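The model shown is predicted, which means the values in this text are computed figures rather than measured ones. Worth knowing before you read on, the calculation uses all heavy atoms, side chains too, and leaves out hydrogens, waters and symmetry mates.
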Amino acid sequence: MDAKTFRQTYLDFFKSKGHAIIGGASLIPEHDASVLFTTAGMHPLVPFLLGEPHPAGKRLANCQKCVRTDDITEVGDDVHLTFFEMLGNWSLGDYWKAEAIQMSFEFLTERLGFEPDRLRVTCFAGDADAPRDTEAADIWRSLGIPQSHITFLPKADNWWGPVGPVGPCGPDTEMFYDMDPSGPPDETPESNPGRFWEVWNDVFMQYDKQTDDTYAPLDVKNVDTGLGLERTIAILQGVSSLFETELFQPI
Ligand code: SER
């Protein structure tokens, strides 16, 4: 599946799940001086994640071009880019963890044909600011992901946001694809990141980080997800590096 077909497949899937398809925003943030570039699909949506009604409704999806430099030292391996496309679906006070995770799982396994055995997931381990996300892990188990394929990790790994110093944020659950299923069964995305490619991140935005570094509960709980276009098509095309996909080969 080429990138163009994949992009449309994603948008069609979420349209069929009641999402309005909205356009991507400029790479230069328009009303936000907190960062130089649009870093994620949620970034242009921050006012709506903080409670402003979005004119297209409560279920949104799009493809957002992003520039991200916080992991620039990783660029040069098989999976990291500074400029990439992120496919995202959002719930603005509509569905919550169960539906978000179920839709991610259905898209990966039924629409894209990823074998469930090759998926690994991580969930937030909990700390003084927010509890351990056993709810997300229970949902994954109910979908057939065994406990041995679920890892709990701290904020450094399983927490998203805010984009700047303050704003919406929350625990997340990340989905990884096993590029070497014949590898040692006890390896995890944490112990061998080269083997497990992170493809998707479902963020459960339920906090608003304050200037004093505390986390106030948001009045409305939102979902923010991001699926990496380049990584996913590399998997679908059976290649072992983003640079082997049709997006990079002509260059
Ligand atoms: N904001 C999250 C991310 O960029 C999910 O979209 O990973």
Side-chain angles (χ1 to χ4, degrees), residues 40-42 49 68 70-71 74 77 79-80 86 88-91 95-109 114-163 167-181 183-209 213-218 221-228 231-232 235:
M42 57 74 71
L49 294 164
R68 196 174 281 190
D70 53 353
D71 47 13
E74 313 283 342
D77 67 6
V79 293
H80 284 89
M86 182 179 281
N89 55 284
W90 292 275
S91 158
Y95 55 84
W96 187 232
K97 290 185 190 182
E99 204 174 338
I101 292 174
Q102 277 157 11
M103 287 191 289
S104 295
F105 185 72
E106 181 184 335
F107 184 73
L108 292 176
T109 58
F114 284 13
E115 295 160 49
D117 276 358
R118 292 181 74 164
L119 292 178
R120 299 288 185 283
V121 301
T122 59
C123 301
F124 179 55
D127 61 17
D129 299 319
R132 187 177 181 83
D133 198 355
T134 51
E135 187 185 352
D138 288 346
I139 296 163
W140 284 117
R141 270 194 301 274
S142 77
L143 293 169
I145 302 291
Q147 183 61 50
S148 57
H149 290 183
I150 303 173
T151 314
F152 285 93
L153 294 173
K155 231 189 215 113
D157 302 281
N158 278 101
W159 187 274
W160 173 264
V163 174
C169 57
D172 64 43
T173 182
E174 299 183 349
M175 289 147 261
F176 297 77
Y177 187 75
D178 185 357
M179 300 298 284
D180 179 18
D186 55 346
E187 284 186 341
T188 66
E190 199 188 20
S191 71
N192 189 351
R195 171 175 164 187
F196 300 99
W197 285 15
E198 183 195 339
V199 290
W200 207 342
N201 186 10
D202 286 2
V203 185
F204 308 114
M205 297 209 148
Q206 57 193 111
Y207 298 101
D208 183 9
K209 191 175 182 194
D213 282 345
T214 57
Y215 293 82
L218 280 171
K221 292 177 180 173
N222 305 308
V223 174
D224 151 40
T225 93
L227 171 62
R231 290 183 188 178
T232 310
I235 294 167

At their closest point, which heavy atom of [X] faces which heavy atom of [Y], and how far apart are they?
X: Arg195; Y: Gly183; result: NH1-C, 3.3 Å
X: Pro168; Y: Asp208; result: N-OD1, 4.0 Å
X: Pro162; Y: Cys169; result: N-CB, 3.6 Å
X: Tyr215; Y: Lys155; result: OH-CE, 3.7 Å
X: Ser142; Y: Ile139; result: OG-O, 2.7 Å
X: Ile145; Y: Pro116; result: CD1-O, 4.2 Å

I need the [X] [atom1] to [Y] [atom2] distance, nearest 0.5 Å.
X: Glu99; Y: Asp202; atom1: CD; atom2: CG; value: 12.0 Å
X: Ser104; Y: Asn201; atom1: OG; atom2: CG; value: 9.5 Å
X: Asp180; Y: Phe196; atom1: CG; atom2: CZ; value: 8.0 Å
X: Leu153; Y: Thr188; atom1: CG; atom2: OG1; value: 7.5 Å
X: Thr109; Y: Asp117; atom1: OG1; atom2: CG; value: 11.5 Å
X: Asn192; Y: Glu187; atom1: CG; atom2: CD; value: 4.0 Å

Side-chain contact, heavy-atom cut-off 4.5 Å: [X] with [Y]?
X: Val223; Y: Trp90; value: no
X: Leu108; Y: Leu119; value: yes
X: Ile235; Y: Met179; value: yes
X: Phe114; Y: Thr232; value: yes
X: His149; Y: Val121; value: no
X: Glu135; Y: Trp96; value: yes
X: Ile150; Y: Cys123; value: yes
X: Met205; Y: Trp160; value: yes

Test applied, side chain to side chain donor-acceptor pair (under 3.5 Å); reference residue, Asn158; option that passes from Asp172, Thr173, Asp133, Thr151: Asp172

Whether Lys97 engages the ring of Phe124 as a cation-pi pair (distance to the six-membered ring centre under 6.0 angstrom, angle to the ring normal within 45°) should be assessed. no

Does Arg120 use its side chain to pair, donor to acceptor, with the backbone of Phe176 at less than 3.5 Å? no

Short question: side chain of Arg118, backbone of Tyr177 - any donor-acceptor pair under 3.5 Å? no

Would Thr225 and Trp200 count as having a side-chain donor-acceptor pair, cut-off 3.5 Å? yes

Aromatic ring pairing Tyr207/Trp159, orientation class (parallel under 30°, perpendicular over 60°, tilted between): parallel

